[in-house]
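Notes follow the structure.
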Number of protein chains: 4
Amino acid sequence: MPKRDNVFDILFENQEMTEKQKKILEAAVEIFSEKGYSATSTNEIAKKAGVAEGTIFRHYKTKKDLLLSIIAPTMAKFIAPFFIRDFNKVLLSEYQSFEDFLRAVIINRMEFAKKNFPMIKILFQEIPFHPELKEQFKEHIINHVIKRLKLIVEEYQKKGEIIDMPPQTVIRLTVSSILGFVIGRYLMFPEAKWDDEAEIERTIQFILHGLSTYNKE
Amino acid sequence: MPKRDNVFDILFENQEMTEKQKKILEAAVEIFSEKGYSATSTNEIAKKAGVAEGTIFRHYKTKKDLLLSIIAPTMAKFIAPFFIRDFNKVLLSEYQSFEDFLRAVIINRMEFAKKNFPMIKILFQEIPFHPELKEQFKEHIINHVIKRLKLIVEEYQKKGEIIDMPPQTVIRLTVSSILGFVIGRYLMFPEAKWDDEAEIERTIQFILHGLSTYNKE
Amino acid sequence: MPKRDNVFDILFENQEMTEKQKKILEAAVEIFSEKGYSATSTNEIAKKAGVAEGTIFRHYKTKKDLLLSIIAPTMAKFIAPFFIRDFNKVLLSEYQSFEDFLRAVIINRMEFAKKNFPMIKILFQEIPFHPELKEQFKEHIINHVIKRLKLIVEEYQKKGEIIDMPPQTVIRLTVSSILGFVIGRYLMFPEAKWDDEAEIERTIQFILHGLSTYNKE
Amino acid sequence: MPKRDNVFDILFENQEMTEKQKKILEAAVEIFSEKGYSATSTNEIAKKAGVAEGTIFRHYKTKKDLLLSIIAPTMAKFIAPFFIRDFNKVLLSEYQSFEDFLRAVIINRMEFAKKNFPMIKILFQEIPFHPELKEQFKEHIINHVIKRLKLIVEEYQKKGEIIDMPPQTVIRLTVSSILGFVIGRYLMFPEAKWDDEAEIERTIQFILHGLSTYNKE
DNA sequence: GATGAATGAGGATTCATTCAT
DNA sequence: TATGAATGAATCCTCATTCAT
């Protein structure tokens, strides 16, 4: 019983879609994320969407097209615009400390990730198998994200809040720690009992201390 | 041009295999890791292995069987026995500090991971799609690994080297940081220039400071 | 050169069928009856039907399904309804004597059998190899046919036309004699010259005398 | 747990066979009779026989060869020699009446049929699918059996014990009645309770009266 | 004689895609 | 726009048969 229509509407905004097309996308997202693109048949999607198989191909030339039409906006909306926003906020000193920034990012993005979980799962599951996607992803990451993140990191390094270390490494360690939580929490052990708030706090503290300038002595 | 016969011999030791069977396994590992299990055809494997397609099915009842015969030993040899070894070493105080332990583990496992990279890639790529594998993996992880790691962590917590924090969280943060490096280094940006030694050292320092008891003030 | 469309239309009435589907059924009946279900390949059927192999599986999930979709209606239309009809006629004394009944049955059923010969051949050839079919057949036979035939036999036994003998035995002997003719005539020696009328008459007389009450003395 | 070694020894006498070869034959007979020739794989036979698949082909050039090596002697020993024996007995007036002859035949052949049931089942199941077998069978039947049976029938017709009717028809009716019993008894309803003796007697009486000259009035 | 690994042709079935309606 | 019948290439797998040991 997909409740995430709203999320869909955001992700696929400015795309006019028939009711059926939405159903197809929903079904595809659900099955792709569950069984993987390759192991999913268009027939299966059609059935789950309550649509004739031909209808899928009216809207998406090929099965791959359908995949891309899910991944592309996920990539675009998930990664790019967010950082632009935060980036400006940082430069404008809206986040007074690295800690503030970190906390804001985690809370904000986590919400998004939770809602769009299946889409993101597809994204990471399929990237290794589709070189074009990989390329696209790297470009996004490197050009839009890392570039900006570097500037942010350097900003906080200048302020003396972050240890002197190649910004890429700072980014890697920070992202690892956050993703490590997300993956453990939602992918690997979703049914375990988690004290989300405490875990997030611990993760933030871990990152902050791990990157603190006090380590220098 | 598979040069990793030695690794194969270790991973599939105590299994008598025809020359052809080895060829099949090698081919399967290579293609599975590249395109994913589902997108790989047995025909393709046969061709790459220089074998008739029927031969595959003489040795492995089904394609899935072939997958499992790759994953199972990878799981067994990669995860379980290693920790048992290290576990004892820790208890016997062979590693004087958490830092020593961390460094030993990283160096040792990294070597193995590098050699068996394709197998491990398959392992992580396929687990999300095969509930039995997931189950098996969790069991391995939880029963054999986390249980022991917890004891190790508690040992170093008692010694005052690690901050007082639920051991699972310590494990999560540590493992995230290490895997973050491995994934970035070997999966996402293998072609970038990496100063491995420095990056490993930074990762270790990050973990140590992130978990240090001096944070407490 | 299938001329039996009419028969098909009867046998598969109330089933909407594509032209192609009919072609598939015709081809299947012909080849199944000739070479047996197991020795028939779907490829062969497709070719004879002038259809792509995939088309077969659009209409019948499996090859077995195709077989059943031939056998089930044959069983239903061949066995069940006929006897119900005759059964009522007997009870309504439309057949004044056992001889009349016998003659009517033979002539009527013989016509049907001749037309649907391949279907019936398949029925009897495949039953021994498919336990579910066997079960289904027995149920049909026992519940619908023998039960009614028993009543008919008992009716004529009451009238003193048939010797006092377990009705099953009467049925067995009668059916054997008739089927013996059909099998010899159409299955074993179809190319021999047969004086059908005379042979049928002799068969009827044989049964009548074999079961006559005059034997009693 | 095949107990019919003796039967095998008779059927395949004057053929030198290794232990393995016997095992193969036994397994083949069992599976062929159960699933049909076409649906039986040599692999299956090999497994049941406890033999390597290659061994089958040491002894029988092809799978068909194996089938024939079962059917041929069954045909030869079941049909031919028996009638020769009985034939002579009839001519030598060893059977004083048609009834005696009938009874002797039924009892004698029934015994054989019961023991060699699977072989005979194979015979009748496979004949429709193998034209050469059909031909071979017809030849056996027509040349060796019917020809002689005709003479026997004519003998009893001369004696006035059998009604004046084409001998083929007499044979057909007689054989039908007997086979009708065998098929019902052993093939169709083997698990029903049968009073064998009574049923056989009824069958004999049915045939005798059906063919009696007293019918002539 | 017996084995069982190896074969490749052929088996049933699935698949993404097309197209007439 | 939507359908669903039709396709035929491709898929996984089975088979009878061969052959080196």
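To find a chain, count down the sequence lines: A is the first, B the second, and so on, and within it residues start at 1.
- Between D/T42 and F/dA16 there is a side-chain polar atom (N or O) within less than 4.0 angstrom of OP1 or OP2.
- Within 6.0 Å of the NZ atom in C/K64, the count of heavy atoms belonging to other residues, nucleotides or ligands exceeds 12.
- Summarising the geometry, the separation between CG on C/N43 and C1' on E/dA9 is reported as 12 Å, rounded to the nearest angstrom.
- Pairing for E/dA9 is with F/dT14, a Watson-Crick or G-U wobble pair whose two hydrogen-bonding atom distances lie under 3.5 Å.
- To the nearest angstrom, P of F/dA6 lies 10 Å from CD of C/E19.
- The side-chain contact (heavy atoms from CB on, under 4.5 Å) test with C/I122 is passed by exactly one of C/N116, C/I71, C/T74, C/I31: C/I71.
- The residue B/Q21 sits apart from the nucleic acid: no heavy atom pair falls under 4.0 Å.
- With F/dC12, E/dA12, F/dA16 as the choices, the nucleotide that has an atom nearest any side-chain atom of D/F57 turns out to be F/dA16.
- Comparing F/dA16, E/dA16, F/dT3 by their nearest atom to the side chain of A/A52 picks out F/dT3.
- Of all non-hydrogen atoms in D/S33 and C/F129, the two that sit nearest each other are O-CE2, 4.5 Å.
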Compile the donor-acceptor pairs under 3.5 Å between side chains in residues 43-53 of chain B and protein atoms, sequence neighbours left out, one pair per line.
from  : atom 1 : to    : atom 2 : distance (Å)
B/E44 : OE1    : B/K35 : NZ     : 3.3
B/E44 : OE1    : B/S41 : N      : 3.4
B/E44 : OE2    : B/K35 : NZ     : 2.8
B/E53 : OE2    : B/T42 : OG1    : 2.7
B/E53 : OE2    : B/N43 : N      : 3.2

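- Looking at heavy atoms from C-beta onward, D/T18 lies in side-chain contact with D/H59 at the 4.5 angstrom threshold.
- Nearest-nucleotide positions on DNA chain E place B/I56 closer to the 5' end than the other of B/I56 and A/A39.
- For B/R58, taking side-chain heavy atoms from C-beta onward, the closest of the listed nucleotides E/dA16, F/dC12, F/dA16 is F/dA16.
- Of the candidate nucleotides E/dA2, F/dA2, E/dA16, F/dA2 has the atom lying nearest to any side-chain atom of A/K20.
- Spacing between atom CD1 of B/I45 and atom C1' of E/dT7 amounts to 18 Å, rounded to whole angstrom units.
- To the nearest angstrom, P of F/dA6 lies 12 Å from CE of C/M17.
- A residue-by-residue look at A/G50 and D/T40 shows that A/G50 has its nearest nucleotide of DNA chain F further toward the 5' end.
- Listed pair D/H59 / E/dA2 meets the phosphate criterion, a side-chain N or O lying under 4.0 Å from OP1 or OP2.
- Distance, C/K23 NZ to F/dA6 P: 11 Å, rounded to whole Å.
- In the displayed structure, B/K23 atom NZ is contacted under 6.0 Å by at most 12 heavy atoms of other residues, nucleotides or ligands.
- Base pairing analysis places F/dG4 opposite E/dC19; the two distances defining the Watson-Crick or G-U wobble pair are each below 3.5 Å.
- Closest contact between the side chain of C/V51 and the listed nucleotides F/dT7, F/dT17, F/dG4 involves F/dT7.
- Checking A/G54 against C/K63, the closest nucleotide of DNA chain E that is more toward the 5' end is the one next to C/K63.
- For B/T18 and E/dA6, the shortest distance from a side-chain N or O to OP1 or OP2 is below 4.0 Å.
- Here the nucleotide nearest the side chain of B/T55, chosen from E/dA6, F/dC15, E/dT14, is E/dA6.
- B/K35 has its NZ atom 13 Å from the P atom of F/dA10, to the nearest Å.
- Regarding C/Y60, its OH atom lies at a distance of 19 Å from the C1' atom of E/dT14, rounded to whole Å.
- Taking atom CG of D/D65 as the reference point, atom P of F/dT18 lies 11 Å away to the nearest angstrom.
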